[in-house]
Visitor: 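One structure follows; several queries about it will come next.
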Amino acid sequence: MAVRGAIQLRPFMWEMIPDYRLGHMSGRSSGFRDSWLAQRAAVMAGSGGCCAEVYSCIFDYNTPRIALIKSRKVGLLNRVIQLLILAYVIGWVFVWEKGYQDFDSVVSSVTLKVKGVAVTNTSDLGYRIWDVADYVLPAQQENAFFVMTNLILTPNQTQGRCPELPDTSTVCISDQNCTLDYVGTHSNGVQTGRCVAYDKSVKTCEVKAWCPVENDTTVPKPAFLRAAENFTVLIKNNIWYPKFNFSKRNILQNISAEYLKNCVYDREKHPFCPIFRLGSLVEEAGESFKDMAVLGGVMGIQISWNCDLDKKHTYCVPKYSIRRLDNREFDHNVSPGYNFRFAKYYKDSNDVESRTLMKIYGIRFDILVFGTVS
């Protein structure tokens, strides 16, 4: 191994450099050294150590020491490390991660239109046709829609006094078991302090409420509107990437009005059709629509827009994925499903107000839009 070194020339260390080395620097090395040392001594004496250091910083020149190692193993290792660094920068940073590109997040709007008709025939309602105005509640939501699938109906309620629904806190033997003006967490009204007959075998505390009170202990099975699995929804999604001023919608340019009238989304045959059958959406998530319709639930429809503007804009297309959001735990199935109450109010000819109370079970579909552009 041969080592070649560059000499570090510092003015205050001339005495440490051997004469035979100085002789190689120039033909007049000895006189040059004596002259420089005299100037150095004068500066040190006149200006002090601080000025000498400043002088040294200005006029001194340092060079690093270089070692030349003649070894194939060390040389090969050096080149391998350099190639690995180069491969990381080019392959990972630029090609795979596209570090040279700028990115932007999606700004999105969603509008929805549900269609479908169902028929029911029950003792409470008789023969009845249900259309979108009946089973989509409320009519509009932000990036979501709800479809009623099951129903507990309590018709002709009026405000008055009636026995409370039997449970562990309302069953009584005498008036002493009831508290005047008491309202429990699950009460249907305010207790009057009286114990009255609910039926021939049970007594409960009387309440001031909408009477008769709702009995929701038994949920209809199969679901009241199980035909909702054949309803369809048109999802219109518009996206915008403000940094690139790029916008698009999920009804692609090659989709005609005629095609839109007849297509239904299918992952293999019609992956870009924006019309979805509700039963197929639930099945796509691995669930049974008939089971889910009984107690309701929440589904998520995810639309992904991941676009590369280095390519043609026609390659920027939506990708749909569906999953159930309210995951059920079969070993801990407490308060399952999705439901709420809704009432329709009436007044008869005597100006007496009444209502029909509906406990509605159904499926809420949330539209979740994600995406980046580069």
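Residue numbers start at 1 and run along the sequence shown.
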Visitor: Identify whether Val202 and Leu165 are in the same connected component of the hydrophobic contact network (ILVMFWY, side-chain heavy atoms under 4.5 Å).
Guide: no
Visitor: Rounded to the nearest 0.5 Å, what's the gap from CG on Asn78 to OG on Ser71? Could you check?
Guide: 11.0 Å
Visitor: Any donor-acceptor pair under 3.5 Å linking the side chain of Asn245 with the backbone of Pro242?
Guide: no
Visitor: Distance check, rounded to the nearest 0.5 Å: Met299 atom CE versus Arg323 atom CZ?
Guide: 9.0 Å
Visitor: If we only count heavy atoms from C-beta on, is the Leu86 to Gln82 side-chain gap below 4.5 Å?
Guide: no
Visitor: Is it true that, when you exclude Ile129 itself, more than 12 heavy atoms of the residues, nucleotides or ligands shown sit nearer than 6.0 Å to its CD1?
Guide: yes
Visitor: Can you list the steps and then say if Asn121 with Arg128 is a side-chain contact (heavy atoms from CB on, under 4.5 Å)?
Guide: CA-CA 6 Å; Asn121 191 356; Arg128 180 165 178 172; over 6 Å; no
Visitor: Within the structure provided, determine whether Asn339 and Leu295 are in side-chain contact (heavy-atom separation under 4.5 Å).
Guide: no
Visitor: Please answer whether the main-chain N or O of Asn350 pairs with a side-chain N or O of Asp348 as donor and acceptor at a distance below 3.5 Å.
Guide: yes
Visitor: Tell me if a side-chain donor or acceptor on Asp134 pairs with a main-chain N or O of Asp131 at a distance below 3.5 Å.
Guide: yes
Visitor: Taking salt bridge (Lys or Arg N to Asp or Glu O under 4.0 Å) as the definition, give me every residue that meets it alongside Arg226, ordered by chain and number, with sequence neighbours left out.
Guide: none
Visitor: Quick one: are Gln191 and Lys208 in side-chain contact, heavy atoms under 4.5 Å?
Guide: no
Visitor: If you measure from OG on Ser247 to OH on Tyr241, what distance do you get to the nearest 0.5 Å?
Guide: 11.0 Å
Visitor: Is Val107 reachable from Ile367 through a run of hydrophobic residues whose side-chain heavy atoms are each under 4.5 Å from the next?
Guide: no
Visitor: Before you tell me yes or no, could you show the steps for Asp366 and Leu325 under side-chain contact (heavy atoms from CB on, under 4.5 Å), namely the whole-Å CA-CA distance, both residues' side-chain angles and the distance that decides it to 0.1 Å?
Guide: CA-CA 9 Å; Asp366 293 340; Leu325 299 181; 3.9 Å; yes
Visitor: What's the spacing between Gln157 CD and Cys211 SG if we round to 0.5 Å?
Guide: 8.0 Å
Visitor: Is it the case that atom NZ in Lys359 sees more than 12 heavy atoms from other parts of the structure closer than 6.0 Å?
Guide: yes
Visitor: Does Lys248 NZ have over 12 foreign heavy atoms under 6.0 Å away?
Guide: yes
Visitor: Answer yes or no: is there a donor N or O on one side and an acceptor on the other, between the side chain of Asn150 and the main chain of Pro220, under 3.5 Å?
Guide: yes
Visitor: Looking at every non-hydrogen atom in both residues, tell me the closest pair between Trp305 and Val369 and how far apart they are.
Guide: CD1-CG1, 4.0 Å
Visitor: Among all residues two or more places apart in sequence or in another chain, which pass the ring-ring contact (aromatic ring centres under 6.0 Å, His included) test with Phe342?
Guide: none
Visitor: Salt bridge or not for Asp216 and Arg341, using N-O below 4.0 Å?
Guide: yes
Visitor: Transitively linked via ILVMFWY side-chain contacts under 4.5 Å: Tyr265 with Ile235?
Guide: yes
Visitor: Any side-chain heavy-atom pair from Arg324 and Met292 closer than 4.5 angstrom?
Guide: yes
Visitor: Does the pair Cys178/Cys172 show an SG-SG distance of less than 2.5 angstrom?
Guide: no
Visitor: What is the distance from atom CG of Leu112 to atom CD1 of Ile301, rounded to the nearest 0.5 Å?
Guide: 8.0 Å
Visitor: Answer whether the closest heavy-atom distance between the side chains of Leu153 and Phe224 falls below 4.5 Å.
Guide: no
Visitor: What closest approach, in Å, do Val190 and Asp181 show between heavy atoms, and which atom pair accounts for it?
Guide: CG1-CA, 3.4 Å
Visitor: Consider side chain to side chain donor-acceptor pair (under 3.5 Å). Of Asn188, Thr204, Thr192, which one does Glu164 pass it with?
Guide: Asn188
Visitor: Looking only at heavy atoms, which two atoms of Val183 and Ser187 are closest? And how far apart?
Guide: C-OG, 3.7 Å
Visitor: Which atom names give the shortest non-hydrogen contact between Asn250 and Pro318, and what distance separates them?
Guide: CB-CG, 4.0 Å
Visitor: Decide if atom OH of Tyr345 counts as having more than 12 heavy atoms of other residues, nucleotides or ligands within a radius under 6.0 Å.
Guide: yes
Visitor: Got a sec, which pairs hit salt bridge (charged side-chain N to carboxylate O under 4.0 Å, His left out) with one end in residues 253-274, sequence neighbours left out?
Guide: Arg267-Glu284
Visitor: I would like to know whether Glu206 and Arg161 meet salt bridge (charged side-chain N to carboxylate O under 4.0 Å, His left out); could you show each step before the answer?
Guide: CA-CA 7 Å; Glu206 185 184 58; Arg161 295 171 178 243; 3.8 Å; yes
Visitor: Of the non-hydrogen atoms in Pro212 and Thr154, which two are nearest, and what is the gap between them?
Guide: O-CG2, 3.7 Å
Visitor: Is it the case that the side chain of Thr372 and the backbone of Asn306 share a donor-acceptor pair, with hydrogens and angles ignored and the cut-off at 3.5 Å?
Guide: no
Visitor: For a quick test of reading the model, state the closest non-hydrogen atom pair linking Ala228 to Thr149 and the distance between them.
Guide: CB-CG2, 4.3 Å
Visitor: Going from CD on Gln302 to OG on Ser304, what distance comes out if it is rounded to the nearest 0.5 angstrom?
Guide: 4.0 Å
Visitor: Are Trp210 and Leu357 close enough that some pair of their side-chain heavy atoms sits under 4.5 Å apart?
Guide: no
Visitor: Is a side-chain N or O of Asn237 found less than 3.5 angstrom from the main chain of Ile239, in a donor-acceptor match?
Guide: no
Visitor: Is there a path of hydrophobic side-chain contacts, each under 4.5 Å between heavy atoms of I/L/V/M/F/W/Y residues, joining Tyr361 to Met148?
Guide: no
Visitor: Do Val106 and Trp240 make a side-chain contact, defined as non-hydrogen atoms from C-beta onward lying under 4.5 Å apart?
Guide: no
Visitor: With side-chain contact (heavy atoms from CB on, under 4.5 Å) as the test, would you mind laying out the steps for Asn177 and Cys195 before giving the verdict?
Guide: CA-CA 7 Å; Asn177 301 125; Cys195 181; 5.6 Å; no
Visitor: Mind checking who shares a hydrophobic cluster with Ile255, ILVMFWY linked at side-chain heavy-atom distances under 4.5 Å?
Guide: Leu234, Ile251, Leu252, Tyr259, Leu260, Phe272, Ile275, Val317
Visitor: Val282 versus Glu229: any side-chain heavy-atom pair under 4.5 Å?
Guide: no
Visitor: Would you say that more than 12 heavy atoms from the other residues, nucleotides or ligands in this model lie under 6.0 Å from the OH of Tyr346, or not?
Guide: yes
Visitor: Taking only residues two or more places apart in sequence or in another chain, which ones pass ring-ring contact (aromatic ring centres under 6.0 Å, His included) with Tyr198?
Guide: none
Visitor: Write out all pairs satisfying ring pair (Phe, Tyr, Trp, His ring centres under 6.0 Å) with one or both partners inside residues 132-165, taking only residues at least two apart or from two chains.
Guide: Tyr135-Phe231, Phe145-Phe365, Phe146-Tyr338, Phe146-Phe340
Visitor: Spell out, yes or no, whether Met358 and Val213 are grouped together once hydrophobic residues are joined by side-chain heavy atoms under 4.5 Å, including indirect joins.
Guide: no
Visitor: Walk me through whether Thr232 and Phe276 qualify under side-chain contact (heavy atoms from CB on, under 4.5 Å).
Guide: CA-CA 5 Å; Thr232 61; Phe276 299 82; over 6 Å; no
